Structure formats: C-alpha cells, structure tokens
Amino acid sequence: MMDASKYRVGYYPVGKEYNKWVGKDHVEKAPVWCSVDMRDGNQSLVIPMNLEEKLEYFKVLCDVGFKEIEVGFPAASETEYEFLRTLIDQNLIPPDVTVQVLTQCREHIIRKTFDACKGAPNAIIHFYNATSVAQREQVFKMSKEEIKQIAVEGAEQVKKLADEYEGSFRFEYSPESFTGTEPEYALEVCNAVLDVLQPGAENNVIINLPVTVEMSLPHVYASQVEYMSENLKYREFVTLSLHPHNDRGTGVADTELALLAGADRVEGTLFGNGERTGNVDIITLALNLYSHGVDPRLDLSDMNTLVEKYERCTRMHVYERAPYAGALVFAAFSGSHQDAIAKGMKYRAKNKMHRWNVPYIPIDPTDIGRTYDADVIRVNSQSGKGGIGYLLEQSFGYNLPPKMREHFSYVCKDISDRGHKELKPDEIFSIFEEGYLNLDSGIRVTDFDFMREGDAVKITITFERNGIETEMEAEGNGTLNAVNNALRQFTGEQYTLEVFSQHSMQGQGSRSVAASYIGLEREDGRLFWGVGTDTDVIRASTKALLSAFHNMTKGGM
C-alpha cells in the first residue's frame, strides 16, 4: 500500500530574492552544448557500445555540431581508456572539438585520466565529488569540511598534473548531487575549488551543477542556479553549466528555467538517454529554441538518419511520441486536426508566408527532414475529409470537390476501421483509383461532333456497348450537358448531373492533363462519383461522367 508519509521535501530552496529569471520570456541564445552520450549515456545501456560503435557515434555527434563531447571515464575500464587513445592517436578529433573526460577526486584515478588524455589537442578534465546531505551522512560519513577538502585536493591535483602532461587542458568541477546539497555549502565548495584553479581570461573554468536526481519543481532549481551565478567568485571567467536528469519528468523545464537564471552551458544526451529516466534531451531543448526563432547551433536537419544511427549504435528506441524526433509527433489522425492543418498549409502557400504558423504543428517538419504526406496527415478510422483530401491533392494532384471529399473520406475510414489499420498514401490512392478514376462502365464513346447554335450546343455522338455502336443526337446548354443528355437518352436512366468541377493537374510536363469530377444524383438523393483524366478537357469530363455512371448502375461508390 502506498504511504506518502515516508517522503518529505529533500531539497534546499534559496531566498525569494533569487527569482529574477521569472521576468524573462524566453531563452535568447543557444547555450554551449556538451554531449554526454559517450559517458553518462553509454554507461546506462544494457549493452554498452563497443569500440567501433563508439567511433561511429562520436562522428555522429561531431556531424551534428557538438563542440564539447564527454567521451568517457577512462580510468573506469580498458574499453573507455582505449577509445580515448584511439581518438587521439588516430587524429579523429576535429580541431574545433574538445573532448571531455570524467574522474573522481582520487589521486590515482586522476593520474590515469591524464595518462589517457596525453597529447589531446583540447581536453576538459571534469572532476567531481558528492556533496549532498544524504551522501555525506550515509555513504562517506564525513563532515562538510572533510568533503570540501576532497574537492580542494582534487583541484590541486588536476592543476598540478596539467603542467606535467602534454596537451591543452581546461577544468570542470561538479558538486555531485547538487540538488540535494545546501546551496550555501555548494557555493562554499565551488568557491574553494575556484580559489585553487584561479580562473582568468586564459583559464576559463566550468562549474557544473548536476541535477543528479530531480528533487524539486523546476523553478526551485532555477533559483538555486541564479543564487550560484550571482555569488560564485571569478564569475566572468566561469562557465556555469547544467547537467539535469529527468527523474520527475521535468528535465527540459529544469534546463530552460536555469538558462533564464544565468547558466551558460548544458550537458545532456541525444533523445534523453541516461541513467534511470535519463539525462535531459538535447534534441528537445535545441528544437524548442528553434521553434522560438533561436539558432540552436546544432544541425538536426536529417532527423530520420540521426534516429537510425542512434538506435543502431545504442540498441535503444526513440519513443514514437518523443518531441520532434518521434515517428508520430507530426502525425494527425483526428479529422478536425487534419482539416485545420490542411487549411493552414493552403493559407500559408496562398499568402506566400515565410513565418511558420500552421495549426497543431510547432515547426515545419521539412526543416528536420520529415515530409508532409508521410509524416503529417495519417489516415485511419478517426481521420476526416480535410486531411484525406489534402493528402490526395499534395501527393497525387487530385483536388476533390467538397462533397466527393467527404464521400471518399468515409470510404477510407470504413476500410481502415474494418481492417484495424492505418492507410498509407499509396493505399489511399489505390482506393481512389479503383473506386472512381477512368472506370469501365461498359459504354464507350467512339465519336462525337459538336455544333453551337446560340446558347445551345448540339451534339452527334456514337456510343458503343457490347460491340454495338449507336449514334445519338442531343443538345444542352454546354458540351458536358449535351453529352449527359445523350447518355440519358441512350440508357434510359433517370438521374441528375449534380456536381461538376475540373482543374489542370500539376507536374504533368508539357502536356497539360485535365482532371474532371462528376457527381450524379438519383431521385432518392444518393450521389455517385466519378473522375476522369485526359489531355483533352472534353474527353476528361466524358470519362468522369461514364465513371460516375458506372458507380451508379453497377453498385459502386
């Protein structure tokens, strides 16, 4: 049985004066991004990446545009050590990329870390120790002063070894479990570390504030970050970094509010992979910025390939509803959503709009390599006429009259419902083609001749049925009306030509193809539809008439 009384607030808020971030509306520029996929992400995999997979994944991160990449904990395993040495020895690190390595504040571990980094063109030595109340009391059984001394000695050791080893080194310090640490104590420890490292114009130091475990609402973390930002020593020479996890499901909110509060840098992973519920998702953060008109400084223009490489290297799966990256996040199955999207897209095209403002879709899917027909309008039993009509128009060039669009949508929904499946664009076109387009009614027009007399059109037309040709004469107020009147006389069928529309098909080359749509109404009010296409507009409308006639007399659509 659940018992909430065993839990209490386990975090330490700061004073109410540290809330200036509240007055800011949005993040104005992208932070410095640091991918921790190769370390925090990799250590959380059921089967960690092997050397070949790590090398491939490292290239993916470089191609995306990460300039800082935490490549591992080289003192923890031979695989981690070998991976870093391979990057350095084979010159696989681009000149504008800095590799980052993690180490505990223990002398032999720090020294092995420097061994692994020897000769690195640019490296960040990221050292840490746990500072939280729970860790001090339960794990280390040490006083505040003793814990702070571990951090100070770690700073002294990395500074000393940086002078001894070949390479270009920067330093990063993390008070691990910052969110479970008293803010004034975390500040005391960080300032003691900074006093050792002596940040300056040529010696920028990173202070990283990990949400090792989410404990509070996001605004509490933001105020803690603002407190640190305003009280850290050497602040102009310090990069204030974030490392949020997602235990409460608010890692993205933690990060965005903390950026408003003064943070400069974010450590996270692609698609939020990481321990427990994961690290913060950099894909979501970056595209949230993008949706507000801020350049994220990461290239996410081929999301499908990025997802494929991530899933293959990590053996993880990107959830279908993951923001931006999920297979279904741009999909609209609901009829009302589809109708709004279709109208929004047409409005945007008609008005030649540059700014994106389409209902239900926060960014243009094509910006990240998605397509409208395959990703946006998806057809199942919940879909409506607007979306199905838009898909048919965008993918195949057919702009159905409103009543026909409604009729066709019910046909598609019924097929989807009975088959318990989604209908793909090609399946939808097959249903349209088989049900309406250039159908064989058993009657052919083999010859016709028109003559206009005043407002009337007279026609001599030859029908063929069952191999027998019959010549008919009729007249009407237009060419199609005359053909229709002749067909009624020839067949003896009673109906009304209720709907007619026609347009030129797009993308058909130099020979323009006309598409005609006809709806025939029986006395009982039922409408039957047909579509015809031809390079000759009269033949196209005649084909549409005969297709509709077929459906009316043969029990079709």
Side-chain angles (χ1 to χ4, degrees), residues 1-19 21-22 36 39-48 104 128-148 150 174-190 208-228 242-258 260-261 263 266-269 271-281 284-285 314 316-323 326:
M1 183 173 179
M2 299 177 69
D3 180 8
S5 67
K6 71 168 67 172
Y7 301 100
R8 65 176 181 83
V9 171
Y11 55 87
Y12 301 88
V14 296
K16 300 300 182 185
E17 67 271 24
Y18 294 102
N19 65 355
W21 58 267
V22 175
V36 294
R39 198 275 305 170
D40 215 345
N42 187 57
Q43 77 180 32
S44 67
L45 298 176
V46 176
I47 303 173
Q104 294 171 327
Y128 74 96
N129 69 308
T131 59
S132 69
V133 174
Q135 296 268 47
R136 295 196 314 260
E137 292 178 351
Q138 301 172 34
V139 180
F140 298 104
K141 297 181 170 58
M142 288 183 177
S143 67
K144 287 182 175 181
E145 192 60 34
E146 289 172 314
I147 293 292
K148 181 174 72 173
I150 292 174
S174 289
E176 191 199 6
S177 299
F178 167 78
T179 46
T181 304
E182 307 92 320
E184 63 276 7
Y185 176 62
L187 178 67
E188 179 184 340
V189 174
C190 289
N208 189 50
L209 304 178
V211 182
T212 307
V213 177
E214 273 194 311
M215 295 181 173
S216 68
L217 295 173
H219 75 284
V220 174
Y221 179 59
S223 292
Q224 292 170 333
V225 170
E226 186 172 299
Y227 168 81
M228 295 293 287
L242 311 171
H243 183 107
H245 280 252
N246 199 42
D247 300 88
R248 291 170 53 88
T250 56
V252 168
D254 285 339
T255 308
E256 291 181 328
L257 296 189
L260 294 179
V266 174
E267 295 185 348
T269 60
F271 311 110
N273 181 40
E275 295 282 15
R276 303 179 309 281
T277 55
N279 289 63
V280 72
D281 180 359
T284 300
L285 287 168
T314 67
M316 298 288 284
H317 174 65
V318 175
Y319 175 47
E320 286 77 5
R321 298 294 181 186

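Atom set for the values below is all heavy atoms of this structure, side chains included, hydrogens, waters and symmetry mates excluded. A quick note: this is a predicted structure, and the numbers were derived from the prediction, not measured.
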Not counting sequence neighbours, which residues clear ring-ring contact (aromatic ring centres under 6.0 Å, His included) with [X]? List them please.
X	value
Y185	none
Y221	none
Y128	none

Can you check whether [Y]'s main-chain N or O pairs, donor with acceptor, with [X]'s side chain at less than 3.5 Å?
X	Y	result
T212	S177	yes
N19	K16	yes
N246	G251	yes

Quiz item: For S223, what residues pass the side chain to side chain donor-acceptor pair (under 3.5 Å) criterion, not counting sequence neighbours?
Solution: W21
Who are the side-chain contact (heavy atoms from CB on, under 4.5 Å) partners of [X], not counting sequence neighbours?
X	answer
T269	V36, D37, N273, N279
T250	E214, P218, R248, A253, D254
D281	I283, T284
Y319	R321, A322

Quiz prompt | Identified side chain to side chain contact (heavy atoms under 4.5 Å, CB included) partner of T255 from the options V211, V225, L260, L242 | solution = L242
Closest non-hydrogen atom pair between [X] and [Y], with its separation:
X	Y	result
D40	H243	OD2-NE2, 2.8 Å
G180	M215	CA-SD, 3.7 Å
V46	P48	O-CD, 3.7 Å

Exercise. Tell me yes or no: between the side chains of T131 and T181, is some donor less than 3.5 Å from an acceptor?
Key: yes
Exercise. State, without any angle test, whether N208 and S174 hold a side-chain donor-acceptor pair at a distance under 3.5 Å.
Key: yes
Using salt bridge (Lys or Arg N to Asp or Glu O under 4.0 Å) as the criterion, list what pairs up with [X], not counting sequence neighbours.
X	result
E320	none
E226	K20
E145	K148

Self-check item: side chain to side chain donor-acceptor pair (under 3.5 Å) contacts touching residues 2-12 (sequence neighbours left out)
Solution: D3-S5
Self-check item: Atom pair CD/CD of E275 and Q43 - distance to nearest 0.5 Å
Solution: 4.5 Å
Self-check item: Atom pair CG/CD of L209 and E176 - distance to nearest 0.5 Å
Solution: 13.0 Å
Practice problem: Quickly, which of E184, E182, E188, E137 forms a salt bridge (charged side-chain N to carboxylate O under 4.0 Å, His left out) with K144? Name it, please. | Solution: E182
